[in-house]
Amino acid sequence: MSRVLVPAAALPGFPEATTLSLEPVDGALGLYSLASPQAAGLRLFVLDASLHLADYKPVFTNEQMALLGEPEPASRCVLVVVNTSDSQASVNLLAPLVFNTDTGACAQLILEGQDWPIRSALPL
């Protein structure tokens, strides 16, 4: 699934990124590279939570969903940012990147009042 995403709110640290390119990583189901032509320093790996994190059920506010055009649950894709700087890969469950699969609108949403870790180890 290659997609062009449009941030509905600036990504933290990359306000110049007005479009994002989401590209699948060959041979790794549900793993994607995220980059922006406007922000040369932006290159993240993100993981499709629905494929790899069955117990991950974040709750989004009405305001957060309004930002994305109020997509129905079936039209939401929840991606978590992968951190590979430690000896074991981890994912940020507290601030997923969510996008509307119908429009491409996206935002990194902070899950306030929820007890998700910023670094959750991925099983090998």
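Here the structure is a predicted model, which is why all the values come from computation and not from measurement. Count residues from 1 along the sequence.
Scanning all heavy atoms of the two residues, the minimum distance from Val81 to Gln108 falls at CG2-NE2, 4.2 Å. Closest heavy-atom contact between Ser50 and Asp48: OG-OD1, 2.7 Å. What you find for Val78 and Pro58 is that their closest heavy atoms are CG1-CG, 4.5 Å. Contact between Asp55 and Trp116 at its shortest, heavy atoms only, is O-CH2, 3.7 Å. Of all non-hydrogen atoms in Arg76 and Val98, the two that sit nearest each other are CB-CG1, 4.5 Å. Closest approach of Cys106 and Leu5 over heavy atoms only: SG-CB, 3.8 Å.
Between the side chain of Gln114 and the backbone N or O of Leu94 there is no donor-acceptor pair closer than 3.5 Å. Judged purely by atom type and a 3.5 angstrom limit, His52 uses its side chain to pair as donor or acceptor with the backbone of Leu29. Put simply, the side chain of Ser75 never gets that close to the backbone of Asp102: no donor and acceptor are under 3.5 Å apart. Listed for the Glu16 side chain is no donor-acceptor partner under 3.5 Å among the backbone atoms of Ala39. Judged purely by atom type and a 3.5 angstrom limit, Asn100 uses its side chain to pair as donor or acceptor with the backbone of Leu68.
Within the 4.5 Å cutoff, the side chain of Val6 has no heavy atoms near those of the Phe99 side chain. At a threshold of 4.5 Å between non-hydrogen side-chain atoms, the residues Asn83 and Asn92 do not count as touching. Contact check for Pro96 versus Phe60: side-chain heavy atoms found under the 4.5 Å cut-off. Taking 4.5 Å as the limit, every side-chain heavy atom of Arg43 sits out of range of all side-chain heavy atoms of Leu34. Contact annotation: the side chain of Tyr32 never approaches that of Val25 to less than 4.5 Å [non-hydrogen atoms, C-beta and beyond]. Inter-residue side-chain proximity for Pro24 and Leu31 is flagged as unmet; no heavy-atom pair is nearer than 4.5 Å. The side-chain heavy atoms of Leu20 and Leu11, taken from C-beta on, include a pair separated by under 4.5 Å.
Clustering ILVMFWY residues whenever any of their side-chain heavy atoms sit less than 4.5 angstrom apart, transitively, puts Ile110 in a cluster other than the one holding Met65.
Remark: the Glu23 side chain and the Ser33 side chain contain no N/O donor-acceptor pair separated by less than 3.5 Å.
Applying side-chain contact (heavy atoms from CB on, under 4.5 Å) to Leu97 and the options Leu22, Val80, Leu44, Leu79 leaves one that passes, Leu79.
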Requested in this report: Show the numbers, then the answer: is there a side chain to side chain contact (heavy atoms under 4.5 Å, CB included) between Leu93 and Tyr56?
Outcome: CA-CA 8 Å; Leu93 300 181; Tyr56 182 55; 3.6 Å; yes
Report task. In sequence, state the C-alpha distance, the side-chain angles, and the governing distance for Leu122 and Val91, and then conclude on side chain to side chain contact (heavy atoms under 4.5 Å, CB included). Result -> CA-CA 7 Å; Leu122 283 174; Val91 290; 3.8 Å; yes
